[in-house]
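Throughout, protein chains are lettered first and strands after them, A, B, ... in sequence-line order, and every chain is numbered starting at 1.
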Amino acid sequence: MELIVTEKHNAARRIADILSDGSATTERVGSVDVYRWGTHRVIGLSGHVVGVDFPEEYAEWRDVEPAELVHAPVQKRPTQDDIVRAVKRLARKADEVVIATDYDREGELIGKEAYELVREENDDAPVHRVRFSSITENEVKDAFANPDDLDFDLAAAGEARQIVDLIWGAALTRFLSLSAQQRGEDFISVGRVQTPTLRLIVEKEREIDAFDPEDYWELFADLAKNGDAFEAQYFYRDEDDTEAERIWDEADAKTATDILEDESQAVVESVSRRTRTDDPPAPFNTTQFIRAAGSLGFAAGRAMSIAEDLYTAGYITYPRTDNTVYPDDLDPEELLETFAETSAFGSDASSLLEADSIEPTRGDTETTDHPPIHPTPDQPDRGDLTEDEWQVYELVVRRFFATVAEPAVWEHLRVVAETAGLRLKANGKRLREPGYHQVYPYFSTDENYVPDVSEGETLSIEDVRLEDKETQPPRRYGQSRLIETMEDLGIGTKSTRHNTLEKLYDRGYIEEDPPRPTRLARAVVEAAEEFADLIVSEEMTGELEAEMTAIANGEKTLEEVTEDSRDALDRIFAELAESREEIGEHLQESLKADKTLGPCPECGEDLLVRQSRQGSYFVGCDGYPDCRFTLPLPNTGEPVVLDETCEEHGLREVKMLAGRNTFVHGCPLCKAEEADDEEDRIIGPCPECHDEHGGELAIKRLRNGNRLVGCTRYPDCEYSLPLPRRGEIEITDEYCEEHDLPELVVHDGDEPWELGCPICNYEEYAAERESADLESLDGVGPTTAERLRDAGVDTVGDVADVDPDDLADQVKGVSADTVREWQADAD
DNA sequence: GCAAGGTC
């Protein structure tokens, strides 16, 4: 039997399909699907199926000095037992094994891991390695016709990285967490990739904090030719003889304005025209895809998750790639033709096919890992995808179109006019040839109109405006710019950069989007800068890359590299030992600062965001138990303490993070006082207890900011209906006959909306929620929805009734935590 | 309970 091992299940299926000419069938080996035809078997791994870790006796943090981890043994252990078992079972019967993992360093290591599993069971079957960079018939058949051997040096380079990352990350993470006495989930983590990334964010924040704005002025005038007006701006030559628009002195600005206002005409001094070619963009690699999706409003992780769904469904190629050059065996014309008949893209594809020749653009990076992201000939109908998925799919299709389209041509027109010794300029631009913009509408094609004037011509000055401005602090990194910067610095990989950002959010290091660092993040970066500079610098990756290259080239061994790295970490721990307490205190202060609102109105100690034993959040006093002052917080989402401070109480405002239901709660003391001041408004009989006890329904505002319709006999009667948190609620004269309650109207923003009878409203809402499509849940695409339906879950209402762990076991790609998030969302 | 790297 010939066994073929691939890196992922999808690749196994497609390779089996190609090599068997479509005759392969599936069989189960344990719980794993394997493809077979004749004497061949193809099994797909799931990336790494074994991982490195310390032996069991190092697992308890309290029993081991973090510094001991530096010299602790490192073991390989299966992380995906079912797949490991299946590989071993197949290996026993194999006469020959072919490793067909991805064509990159990590693929070589994953291949070696498979090789070692095979060798545990089978001493003598020959093991070959095939390499191909896209799963197309030609490449795959060619690779299998010319098998090679595993590159053990290259795999060892990857193993060295695993060991160095584990030792540094685990030892320093434990050191920081233990010194700050952080237990449980709230450990303080550092690592070769996450900490330099965090430093980028922290350093930008330092620049913003240190920024001192400066006033300046800009002077504009409208010039007109026969009533045809356009905007021009005053400029001058500064001391370096460069053109400048900003006027730094207010008196100078006023003088120039006065002069200009006294003039009614300006004479055209020069007119220059030039045309500029605007080349179409390069094919998508992961980073550029994330950036483009980011400009459509998708967060990096969300964009990748949608792309993975589209890939699994077969609509686009593999979304994790560094490559920006299409492979030779992609025939763009052929692919375009498959779009020519579609309703969504037919006319654009047809117009592209009219070109004399089709020559796709090329980016700077040509790699062997995977082709650039492009659509496959397998096209979905619009109805097959959710709205978000369609947007991302269309982006990928149109990017492919753009890469085979013509350049655009812009015409620039610069006019300089002079009056009373002052010069005014206008820069016009016009899109003369739309080129690729016609099929790729994601870039701006805004034009700026400046009429055709000629030198010596007189223009009238219509309107003079002096604008006072101030210099702006540097902008925070957005998610996609962070990912681009990580790529430029060489930290992380195409597959992990967006995960690193999510990790920083989860660890409480960054908040909001664009991300801002917490006090804790600043303290961690400061501690690392002072004591373990290497872990916070992007150079650690650069140095490690150089060492890995040396291993791959046979110039160094894994042992040499990991020993050097251990020595460096030993030296860091020698210094850290003396400062343990100091570091711990600083981290603890920062942790507290992130949760501090301001002075307690009763005792003056700090008010802090705390969590009750049941898990709900509230505001409590640091003087507890002497001071028992508390304030409630809303019961949805996770609280974040903002920098904005309430003027009345000197307390920082609170924001509740709850996905798309995120909102700013404000000062919790103001909210509580507002609720105390707001009278309950009675609207009608309580359906539960009016007949028996005379209870009535009232619109109530709770101290945590929630608003509801509840019974006046609360807590004896707990009947309640939810109401929106925001907006003024008007009680109208129209009555619901069924419930004997007035119709309500909510005034929030411009358009008031009719909520109607609160009971009818709630019943409708509950029914809708109950039967809502699975796709309305966060992160559920058609693939996941299909799998959920297979497991007997058809609606959002059904999700509420399942056991999260059971469902996670049944449905591939869904974790129990995800299910719990859906359930919380549905409440 | 630690990292980063695969993949779902």
Side-chain angles (χ1 to χ4, degrees), chain A residues 6-12 32-33 44-54 58-64 66 68-70 72 74 79-80 82-83 101-102 104-114 155 157-178 182-197 304-305 307-309 311-313 318-320 369-370 486 491-500 502-504 506-507 535 540-541 544-545 548 565 569 779-781 783-784 787 808-809 811-815 818:
Chain A
T6 69
E7 186 154 326
K8 40 192 165 275
H9 183 254
N10 247 333
V32 180
D33 276 334
L45 305 176
S46 181
H48 291 287
V49 292
V50 298
V52 291
D53 207 349
F54 300 110
Y58 291 85
E60 186 51 55
W61 292 29
R62 295 246 140 222
D63 297 345
V64 184
E68 286 180 59
L69 293 179
V70 180
V74 174
T79 49
Q80 308 252 30
D82 47 348
I83 297 177
T101 47
D102 291 355
D104 55 19
R105 185 174 59 216
E106 217 61 33
E108 207 68 23
L109 175 52
I110 290 167
K112 190 203 164 198
E113 289 161 4
E159 287 179 298
R161 179 203 55 72
Q162 288 184 317
I163 294 166
V164 169
D165 280 340
L166 174 67
I167 293 177
W168 281 72
L172 289 171
T173 294
R174 286 196 193 182
F175 178 86
L176 292 183
S177 305
L178 291 170
Q182 282 297 102
R183 291 147 201 256
E185 292 171 25
D186 295 325
F187 54 85
I188 297 171
S189 68
V190 285
R192 173 179 57 84
V193 173
Q194 59 167 290
T195 309
T197 305
M304 283 310 288
S305 145
E308 280 152 20
D309 279 348
Y311 157 72
T312 311
Y318 194 62
R320 298 191 264 255
D369 57 352
H370 296 280
M486 291 171 75
I491 53 182
T493 73
K494 65 213 173 187
S495 314
T496 59
R497 292 187 190 109
H498 63 279
N499 296 5
T500 301
E502 279 170 5
K503 186 181 282 181
L504 296 179
D506 288 347
R507 299 283 153 88
I535 199 84
M540 179 162 179
T541 295
L544 188 58
E545 284 287 340
M548 283 197 281
S565 184
L569 189 53
V780 178
T783 321
T784 310
R787 290 182 188 147
D809 282 345
V811 183
K812 205 173 156 185
V814 170
S815 74
T818 308

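Taking every side-chain heavy atom of A:His48 into account, B:dG5 is the closest of B:dT7, B:dG1, B:dG5. Of the candidates B:dT7, B:dG5, B:dA3, B:dT7 carries the atom nearest the A:Lys8 side chain, counting heavy atoms from C-beta on. You'll find that the side chain of A:Lys503 is closest to B:dA4, out of B:dC2, B:dG5, B:dA4. Distances were taken from every side-chain heavy atom of A:Tyr318 (C-beta onward) to each of B:dA4, B:dC2, B:dT7; the shortest belongs to B:dT7.
Counting distance only, with no hydrogens placed and no angle test, the side-chain atoms of A:Ser46 and the base atoms of B:dC8 include a donor-acceptor pair under 3.5 Å.
Counting non-hydrogen atoms under 4.0 angstrom, A:Gln194 reaches the backbone sugars and phosphates but no base. At a threshold of 4.0 angstrom between heavy atoms, the contacts of A:Glu185 with the nucleic acid are absent. Counting non-hydrogen atoms under 4.0 angstrom, A:Gln182 reaches a base of the nucleic acid. Heavy atoms of A:Gly492 sit under 4.0 angstrom from primed sugar atoms or phosphate atoms, though from no base atom. Using a 4.0 Å heavy-atom criterion, one finds that A:Val49 contacts no nucleic acid atom at all. As judged by a 4.0 angstrom heavy-atom cut-off over every strand, A:Arg192 is placed among residues touching the sugar-phosphate backbone only. A:Gln162 comes within 4.0 angstrom of a nucleotide base, judged by non-hydrogen atoms across all strands. Within the nucleic acid shown, A:Asp102 comes within 4.0 Å of sugar-phosphate atoms alone, with no base atom in reach, counting heavy atoms only.
One interatomic measurement links the two molecules: CD1 of A:Ile535 to C1' of B:dA3, which rounds to 8 Å at whole-angstrom precision. Rounded to an integer number of Å, the gap from A:Arg507 CZ to B:dG1 P is 13 Å. When the P atom of B:dG6 is taken as reference, atom CD of A:Gln80 falls 15 Å away, rounded to whole Å. The nearest whole Å value for the distance from the CG atom in A:Leu172 to the P atom in B:dA4 is 11 Å. Rounded to a whole Å, the CG atom of A:Leu45 is 19 Å from the P atom of B:dG5. Atom OH of A:Tyr311 and atom P of B:dG6 are 14 Å apart (whole Å). With rounding to whole Å, A:Leu69 atom CG is found 12 Å from B:dA3 atom P. For the pair A:Leu569 CG and B:dC2 P, the computed distance is 19 Å after rounding to whole Å.
Side-chain atoms of A:Thr493 and A:Glu106, non-hydrogen and from C-beta on, never get closer than 4.5 Å to each other. Residues A:Ser565 and A:Ile167 fail the side-chain proximity criterion, which asks for heavy atoms closer than 4.5 Å. A:Leu45 is not listed as a side-chain neighbour of A:Glu113, based on a closest heavy-atom distance of 4.5 Å or more.
Considering only side-chain N and O atoms, A:Arg320 lies nowhere under 4.0 angstrom from the phosphate OP1 or OP2 of B:dG6. Contact annotation: A:Thr312 does not reach the phosphate of B:dC8 (side-chain N/O to OP1 or OP2, under 4.0 Å). Contact between the side-chain N/O atoms of A:Ser177 and the OP1/OP2 oxygens of B:dG1 is not found at any separation under 4.0 Å. Taking only side-chain nitrogens and oxygens, A:Ser495 comes nearer than 4.0 Å to OP1 or OP2 of B:dT7. For B:dG5, the OP1/OP2 oxygens have a side-chain nitrogen or oxygen of A:Thr496 closer than 4.0 Å.
Partners of A:Thr500 by side chain to side chain donor-acceptor pair (under 3.5 Å), not counting sequence neighbours: none found. Shown here are the ring-ring contact (aromatic ring centres under 6.0 Å, His included) partners of A:His498, two or more places apart in sequence or in another chain: there are none.
Between A:Tyr318 and A:His370, the ring planes lie tilted relative to each other; the angle falls in the 30° to 60° range.
Of all the heavy atoms in A:Phe187 and A:Gln182, the pair that sits closest is CA-CB, 4.5 Å.
Residues A:Asn10 and A:Ile163 both approach DNA chain B. Their nearest nucleotides, taken by heavy-atom distance, put A:Ile163 toward the 5′ side. Mapped onto DNA chain B by nearest heavy atom, A:Ala171 and A:Gly47 fall at different nucleotides, with A:Ala171 at the one closer to the 5' end.
A stacked arrangement is assigned to A:Trp61 and the six-membered base ring of B:dG1, with a centre-to-centre distance below 5.5 Å and an interplanar angle below 30°.
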